[in-house]
Amino acid sequence: MFTSVDDVSARLAETGYLASPAVATTVFLADRLGKPLLVEGPAGVGKTELAKAVAQVAQARLVRLQCYEGVDESRALYEWNHAKQLLRISAGRDETWDATRTDIFSEEFLLARPLLTAIRGDDPKVLLIDETDKADVEVEGLLLEVLSDFQVTVPELGTVTATRRPFVVLTSNATRELSEALRRRCLFLHIGFPEEELERRIVRMKVPGIDAALAESVVRVVGALRAMDLRKVPSVAETIDWARTLLALGADTLDEDIVRDTLGVLLKHQDDVLKAAAKLDLDAV
Amino acid sequence: MTADAGVTADVASRLTDFVAALRAHGVRVGTGETVDAARAVEALGLADRELLREGLAATLLHTTGQRQVFDPVFDLYFPHGVGGPEGEAADRDDLRDRLAAALTANDSAWMGRLAIEAVDGFGGYGSSPASDGWSSYQTLDRIRPQTLLARVRAEVRAQSGESGFADRLLDDEIRRRIEVFRALVAAEARRRVAERRGRDEIARRAVAPTADRVDFLYAGKDRLAELRRTVQPIARKLATRLAARRRRAARGSIDLRRTLRGSLSTGGVPMRPVLRRRRPVRPELVLLCDVSGSVSGFSDFTMLLVQALHDQFSKLRVFAFVNRIDEVTGLLEHGVADSEGLGARIRSEATLTGWHGSSDYGVALGEFAERYGDAVGPRTTVFVLGDARTNLSDPNLAAVRQIAGRARRVYWLNPEPRPQWGTGDSAAPAYAELVEMHECRTARQLGALIARLLPV
Ligand SMILES: Nc1ncnc2c1ncn2[C@@H]1O[C@H](COP(=O)(O)OP(=O)(O)OP(=O)(O)O)[C@@H](O)[C@H]1O
Ligand SMILES: [Mg+2]
């Protein structure tokens with residue numbers, strides 16, 4: 001898919017994703033070694049966005065399994081369409097039961113969920129398993145199975161084997177440790193907060209029209225906040241929001257008033273706002 | 001490197017040694033990962049060191065925390081270059097001028113080159129020119145990068161003009177850049193030493209271990225903060241283990257008498273063994289913590305850990321001392337939410353010192369026996385946390401004997417390495433004769449000790 005690490009960076013950038021060297025290298029290797037990519041990192045650093053960007057570059061369909069507490073096989077893998085099966089049974093009154101049964105357990109009545117969808121068909125796909133840490137441990141067993149062989153067995157239909165393996169991205173906020181077995185299947189990528197220079201470029205790309213000097217100040221203030229001991233430090237998503245807010249307010253430079261008034265865009269907890277205001281020498285908020 | 005060249009034998013053996021060094025630091029690397037790493041090297045080539053670094057990290061690591069073990073080991077096994085830089089030995093003032101410029105430009109590649117020069121010119125000690133060793137401490141002591149702050153600030157302002165609001169951030173930003181330079185110097189000194197003494201040897205000794213293996217006494221501020229963040233996970237693991245032990249203990253042993261009595265109905269054949277049930281009694285726990293500067297990382301951490309385990313005890317009381325003792329159980333309630341502030345709060349809100357500020361175990365333990373003696377009863381297990389360094393005053397063994405006499409058990413956890421017990425002003429051997437004393441240098445050891453020593 002890619003010829004070099006630079007090629008990865010360049011093509012991701014065309015879609016609006018600016019990759020650090022670590023991100024570009026790991027994406028390149030995941031493609032070369034044909035391994036799933038496990039991306040870990042704080043909220044809002046572009047984990048999900050990365051999978052979307054890769055899909056766009058590869059001109060692949062993005063198949064997304066959003067994990068949550070309680071997600072199960074029937075949501076992740078496949079499910080029989082019971083309502084439709086019932087209709088079919090009551091419609092075909094004169095048939096033998098054997099014939100009906102063969103019929104209702106066929107493709108037509110199968111609801112493919114993301115994991116099955118991702119390994120069927122010949123078109124290129126990116127499988128995004130988002131927020132894997134939110135799913136229960138049992139689901140990990142399922143993922144492990146699918147990601148090892150890229151095949152799924154539907155007892156009534158037989159085994160489906162991928163003819164074309166999807167590019168797989170798993171994301172996690174590390175609220176729970178994923179199992180060692182699953183980790184071993186994957187290449188590991190930690191995305192942290194970007195270097196100052198990269199974040200400046202992200203801001204200028206995502207918030208066109210922002211003045212270069214303002215973008216620089218924005219990133220510096222965010223950097224200072226990240227060095228403080230806060231309950232939740234701002235992420236890239238908040239940096240972008242803040243830059244947009246400033247632009248909307250028509251601010252072309254930062255000053256105490258505007259920072260004080262908009263600090264809430266960056267910080268979500270009131271005690272963080274107070275602490276940051278004190279450290280930034282702002283007057284009472 | 002071209003793909004068909006494959007991975008040469010030299011690179012392959014370098015990679016194997018590198019993996020072995022990572023394993024020695026507790027990073028679990030399987031064969032599969034090593035094979036992937038070799039394929040990564042093949043795909044990426046060796047020309048760009050930073051790509052190689054990221055490629056190896058992606059294939060060999062599985063968690064974020066492992067990265068800080070990985071980077072220094074990588075620097076040793078895949079160094080920038082070998083030997084020292086070419087050309088004239090650097091002049092100190094000239095080097096400082098260039099460092100100021102690099103800090104002003106915030107150019108870390110440039111800073112890296114200057115770190116190499118600095119170690120080469122000022123870090124060697126022993127009989128030059130064939131130096132015996134390389135010291136980052138000595139290098140930094142000569143270069144004094146921290147004294148460049150004012151100059152860099154002035155230069156930044158001169159170059160880009162007043163940057164308005166963000167100007168107030170400048171000093172901290174420069175300090176962070178200086179920290180980066182210091183780390184680069186440390187890495188370079190390690191590399192030079194490794195060249196001399198063999199990489200494997202240095203990798204074993206000189207790389208910062210994962211947080212739970214850091215010596216409490218030598219952990220810097222950031223490592224301690226990192227360690228405190230591991231309190232909850234460690235506590236969860238411990239709680240599971242303690243609960244399992246308690247279940248096992250409650251299942252108990254076979255009650256012979258009741259088994260035989262039961263067997264009367266089956267003609268004397270003991271068909272159904274009767275288990276002796278023990279009623280699980282949760283232990284009462286008292287902690288006596290030395291919070292003087294020398295060991296505070298250790299006692300803060302232990303307090304937090306025990307606090308996080310509070311469900312496991314029927315009663316938990318915590319006392320802190322330097323040369324006076326005071327109860328701090330109440331201050332701990334919020335301790336877990338704000339772990340960084342705990343030590344500071346204890347030191348500001350409790351009465352821990354009398355008319356001088358250094359630790360005095362004798363006076364503090366005596367005061368405990370006298371004022372809080374009834375906190376200790378036959379169901380109480382007491383943990384004393386501290387290095388037993390009394391500043392040469394009377395260790396007051398009588399007080400310890402008195403506490404030990406009333407308690408169910410007394411354990412002393414000492415964060416100093418065992419060979420140092422009894423050196424200087426340490427009264428450890430004397431206390432160790434009265435109560436069971438254990439060396440407890442890392443979070444890992446502490447976890448194991450608590451799981452073992454805590455009564456069920
Ligand atoms: N390197 C980047 N290039 C371009 N945009 C980025 C980059 N990093 C982050 N962003 C932007 O930041 C925002 C948040 O990204 P995203 O939703 O992917 O975060 P996330 O890591 O998946 O967070 P969460 O853990 O909350 O799901 C997006 O709007 C994205 O466009
Ligand atoms: Mg996301």
Side-chain angles (χ1 to χ4, degrees), chain A residues 4-6 20-35 37-38 40-42 172 174 177-178 180 182-192 195-197 213-214 216-221 223-225 227-229 231 253-259 271 279-282, chain B residues 3 28-33 35-45 48-68 70 106-108 160-173 175-177 179 225 233 236-237 337-341:
Chain A
S4 66
V5 175
D6 284 340
S20 67
V23 170
T25 308
T26 316
V27 167
F28 175 72
L29 284 178
D31 176 44
R32 273 299 160 92
L33 307 190
K35 294 193 83 176
L37 179 57
L38 169 60
E40 223 170 61
S172 161
E177 282 271 318
L178 302 179
E180 174 110 356
L182 186 58
R183 289 174 177 277
R184 284 188 188 281
R185 287 268 166 273
C186 305
L187 292 189
F188 179 73
L189 170 65
H190 173 82
I191 305 190
E195 303 255 311
E196 221 175 90
E197 198 258 343
L214 179 57
E216 179 181 339
S217 302
V218 162
V219 169
R220 284 176 67 186
V221 172
L225 293 174
M228 291 176 196
D229 177 24
R231 278 166 67 179
T253 52
L254 291 184
D255 60 42
E256 288 203 10
D257 293 329
I258 193 111
V259 173
D271 37 344
K279 291 213 173 168
L280 291 173
D281 292 327
L282 302 176
Chain B
R28 293 175 49 183
V29 182
T31 329
E33 287 100 309
V35 173
D36 283 344
R39 290 172 67 200
V41 175
E42 200 174 341
L44 295 169
D48 187 327
R49 187 166 167 266
E50 290 314 305
L51 291 195
L52 184 64
R53 182 198 297 273
E54 298 305 335
L56 291 179
T59 45
L60 295 172
L61 303 186
H62 299 298
T63 64
T64 305
Q66 293 169 335
R67 183 68 191 233
Q68 61 171 313
F70 175 91
N106 193 18
D107 180 339
S108 48
S160 52
E162 279 280 322
S163 55
F165 180 82
D167 198 53
R168 67 186 69 189
L169 310 173
L170 189 56
D171 279 9
D172 281 336
E173 288 170 348
R175 280 192 199 99
R176 290 203 290 273
R177 294 175 200 175
E179 278 310 305
R236 239 177 320 199
K237 255 188 234 151
D338 171 26
S339 52
E340 315 254 332

task = Identify which part of B:L170 has an atom lying under 4.5 Å from any heavy atom of chain A, answering side chain, backbone, both or neither.
result = both

ask   = How long is the span from the CG atom in A:L178 to the OG1 atom in B:T63, to the nearest 0.5 Å?
value = 11.0 Å

remark   = Interatomic distance, CG@B:D167 vs CG@A:L254, rounded to 0.5 Å, equals 12.0 Å

query = A:L280 versus chain B, heavy atoms under 4.5 Å apart: side chain, backbone, both or neither?
reply = both

ask   = Which answer fits A:K279, side chain, backbone, both or neither, if we ask what part of it has an atom under 4.5 Å from a heavy atom of chain B?
value = neither

request  = Check for a donor-acceptor pair, side chain of B:R168 on one end and backbone N or O of A:D281 on the other, with a separation under 3.5 Å.
outcome  = yes

task = With a 4.5 Å cut-off on heavy-atom pairs, point out which of A:L33, A:T253, A:D255 contacts chain B the most.
result = A:L33

message = How close do B:G55 and A:L29 get, counting heavy atoms only, and between which atoms?
response = CA-CD1, 3.5 Å

key: Residue part contacting chain A, namely of B:D172, when any heavy atom lies under 4.5 Å   = neither

remark   = Greatest number of non-hydrogen atom pairs under 4.5 angstrom with chain B, of A:T26, A:L189, A:V259, falls to A:V259

query = At a heavy-atom separation under 4.5 Å, does B:R67 approach chain A through its side chain, its backbone, both, or neither?
reply = neither

ask   = In terms of heavy-atom contacts, does CZ of B:R28 have more than 12 from other residues, nucleotides or ligands at under 6.0 Å?
value = no

Spatial distance of atom CG (B:L44) from atom OG1 (A:T25) [nearest 0.5 Å] = 6.5 Å

query = Considering all heavy atoms of both residues, which atom of A:A22 and which atom of B:E54 are nearest to each other, and what is their separation?
reply = CB-OE1, 3.2 Å

task = Sort A:R184 into side chain, backbone, both or neither according to what part of it lies under 4.5 angstrom from a heavy atom of chain B.
result = both

request  = Let me know if A:E216 has heavy atoms under 4.5 Å from chain B in its side chain, its backbone, both or neither.
outcome  = neither

request  = With a 4.5 angstrom heavy-atom cut-off, could you sort out which part of A:E180 is near chain B: side chain, backbone, both or neither?
outcome  = side chain

message = Contact between B:F165 and A:D257 at the side-chain level, heavy atoms closer than 4.5 Å - yes or no?
response = no

note = Interatomic distance, CG@B:L60 vs CG@A:L187, rounded to 0.5 Å, equals 10.0 Å

inquiry  = If I measure from the heavy atoms of chain A, does B:E50 come under 4.5 Å with its side chain, its backbone, both, or neither?
reply    = neither

ask   = About how many Å separate CZ of A:R220 and CG of B:L169, when rounded to the nearest 0.5 Å?
value = 6.0 Å

inquiry  = Quick one, A:R32 and B:E42 - any side-chain contact, counting heavy atoms below 4.5 Å?
reply    = no

inquiry  = If the condition is salt bridge (Lys or Arg N to Asp or Glu O under 4.0 Å), which residues does B:R177 pass it with, not counting sequence neighbours?
reply    = none

message = What part of A:V5 gets within 4.5 angstrom of chain B, counting heavy atoms only: side chain, backbone, both, or neither?
response = side chain

inquiry  = To check you understand the geometry: which heavy-atom pair defines the closest contact between B:T64 and A:H190, and what is its length?
reply    = OG1-ND1, 3.1 Å

query = If you round to the nearest 0.5 Å, how far is CD of A:E40 from CG of B:L61?
reply = 11.5 Å

